[in-house]
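Just below is one structure, and these are the notes that go with it.
We use all heavy atoms of the structure for the numbers below, so side chains are in, but hydrogens, waters and symmetry mates are not.
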Amino acid sequence: MRLKNICFFIILLLSQLSFAEENKNFGNIYARADLWCPYNCKPGDENPGYLVEILQKAFGKENIKYETMNWARAITETRSGTYDLIIAAAKEDAPDFPLSIQIGKSRNCFFTLEKKNIKFVDLKSLEKIKLGIAKDYSYYKELDEYIAKNKENENKINESFGDIVLEKFINKLTHQEIDAFVEDPVVVKYFLKQNQDITVQLKTIGCGNSTDLYFGFAPNKKESTERILQINKTVKEMIKSGEMERIIKKYGILKWF
């Protein structure tokens, strides 16, 4: 019995060393995004976000060098090669970036103050309001087209940027600088739960189309191809084993696969 136990632990140790060595070969991976919890949360937190956990699983926790910054800068500096990838990208965010397989889905819903009498039926509903959006975000095709068409009209579109865009949306809403903003309801719910000192009453007035999410890799780095293969393999294995479902439940993410 003792010999069996020894053999088991040797096999387990060798498999762990093999996995660690496989991850080590990829070196440090510099990942960037704006704070968008629970998809990607505060760097260094015990719960860093489910997408960060996927990266850690694929490349080794010690190899992921994840920090937050405003989204436009994250895209620009990853494109230039300063960083290796952006987290939770839509295809339209950076069309020149090679992408992983799908790693999530985001709902695009419209929020306003509880006391406001506003409804969202379709894009025509936005014509009479000032909408808060995140700078350089891609939402979904029809909304992106509406934003592009009205971007210079300050009575219709108000852009925010920074590490925590949602906080700016709420501040602008309470100070009547915007009438509504667009955001993923999971992100809003998580933010309010983590910031219970914010007592503003919000409501959803409707939702548009959902957006598929990916890891977007630096387009001019030769390492990107190999890294995409590794992340794709890991995501498929996590889905098959049930680990992905356990992680998204922990963060309150709806099943997308």
Side-chain angles (χ1 to χ4, degrees), residues 29 31-43 45-59 61 64 66 68 71 74-75 78 84-95 97-111 120 133-134 136-144 165-166 169 181-194 202 204-217 224 227-257:
I29 308 287
R32 294 295 184 269
D34 59 346
L35 194 69
W36 205 44
C37 205
Y39 294 95
N40 55 281
C41 303
K42 187 177 180 181
D45 270 10
E46 183 180 351
N47 296 311
Y50 97 88
L51 296 182
V52 178
E53 289 200 29
I54 292 174
L55 289 175
Q56 292 173 345
K57 177 74 174 180
F59 302 110
K61 186 175 182 179
I64 299 302
Y66 159 63
T68 59
W71 186 239
I75 293 172
T78 301
D84 297 306
L85 65 90
I86 53 175
I87 300 172
K91 287 182 178 180
E92 293 77 13
D93 279 322
F97 280 36
L99 302 175
S100 67
I101 60 174
Q102 184 182 350
I103 44 86
K105 185 181 287 287
S106 173
R107 294 176 66 207
N108 295 294
C109 295
F110 300 89
F111 291 84
F120 175 82
I133 64 164
D136 289 344
Y137 259 47
S138 176
Y139 295 99
Y140 59 94
K141 181 181 178 182
E142 294 80 6
L143 181 57
D144 289 347
V165 173
L166 178 53
F169 285 158
F181 63 85
V182 57
E183 185 55 276
D184 187 316
V186 173
V187 174
V188 174
K189 181 180 179 180
Y190 206 92
F191 179 81
L192 293 177
K193 183 179 179 180
Q194 298 297 313
L202 300 176
T204 310
I205 58 174
C207 299
N209 297 335
S210 296
T211 303
D212 293 341
L213 301 175
Y214 308 85
F215 292 115
F217 287 78
S224 290
R227 289 167 176 170
I228 289 172
L229 292 174
Q230 174 67 5
I231 199 72
N232 290 353
K233 174 186 173 186
T234 301
V235 169
K236 291 175 182 177
E237 289 174 348
M238 291 175 73
I239 291 173
K240 185 177 180 180
S241 70
E243 185 176 3
M244 185 71 76
E245 189 160 4
R246 290 193 294 273
I247 289 177
I248 66 173
K249 280 184 177 179
K250 179 175 76 171
Y251 286 102
I253 302 288
L254 297 175
K255 187 174 180 179
W256 47 268
F257 48 88

Which residues share a salt bridge (Lys or Arg N to Asp or Glu O under 4.0 Å) with [X], sequence neighbours left out:
X      : answer
Lys105 : Asp212
Arg227 : Asp84
Lys250 : Glu53
Glu243 : Lys57

Would you give the length of the straight line joining atom [atom1] of [X] to atom [atom2] of [Y], rounded to the nearest 0.5 angstrom?
X      : Y      : atom1 : atom2 : value
Cys37  : Tyr50  : SG    : OH    : 12.0 Å
Glu183 : Leu202 : CD    : CG    : 11.0 Å
Leu85  : Leu55  : CG    : CG    : 5.5 Å
Trp71  : Ile86  : CH2   : CD1   : 4.0 Å
Ile64  : Ile54  : CD1   : CD1   : 11.5 Å
Ile103 : Ile87  : CD1   : CD1   : 8.5 Å

Seminar exercise, completed: Sequence neighbours excluded, the answer for ring pair (Phe, Tyr, Trp, His ring centres under 6.0 Å) partners of Phe97 is none
Seminar exercise, completed: Across all chains, not counting sequence neighbours, the ring pair (Phe, Tyr, Trp, His ring centres under 6.0 Å) partners of Phe120 are Phe110
Problem set entry | Heavy-atom pair of closest approach, residues Val188 and Leu166 | CA-CD2, 3.8 Å
What residues form a side chain to side chain contact (heavy atoms under 4.5 Å, CB included) with [X], not counting sequence neighbours?
X      : value
Val186 : Pro38, Asp184, Ile253
Lys249 : Glu245
Asn232 : Ser100, Ile101, Ile228
Ala134 : Tyr137, Tyr139, Val165, Phe169

Any side-chain heavy atom of [X] within less than 4.5 Å of one from [Y]?
X      : Y      : value
Ile231 : Phe217 : yes
Ser106 : Trp36  : yes
Ile248 : Lys255 : yes

For [Y], does its backbone N or O pair with a side-chain atom of [X] as donor and acceptor, under 3.5 Å?
X      : Y      : result
Ser241 : Met238 : yes
Tyr66  : Cys41  : yes
Tyr251 : Gly49  : yes

Exercise. Where do Phe59 and Thr234 land on the side-chain contact (heavy atoms from CB on, under 4.5 Å) test, with the steps shown first?
Worked result: CA-CA 9 Å; Phe59 302 110; Thr234 301; over 6 Å; no
Exercise. Going by atom types alone, do Ser138 and Asp93 pair a side-chain donor with an acceptor below 3.5 Å?
Worked result: no
For this session: Could you pull out all residues at least two apart from Thr211 that satisfy side chain to side chain donor-acceptor pair (under 3.5 Å)?
Result: Asn108
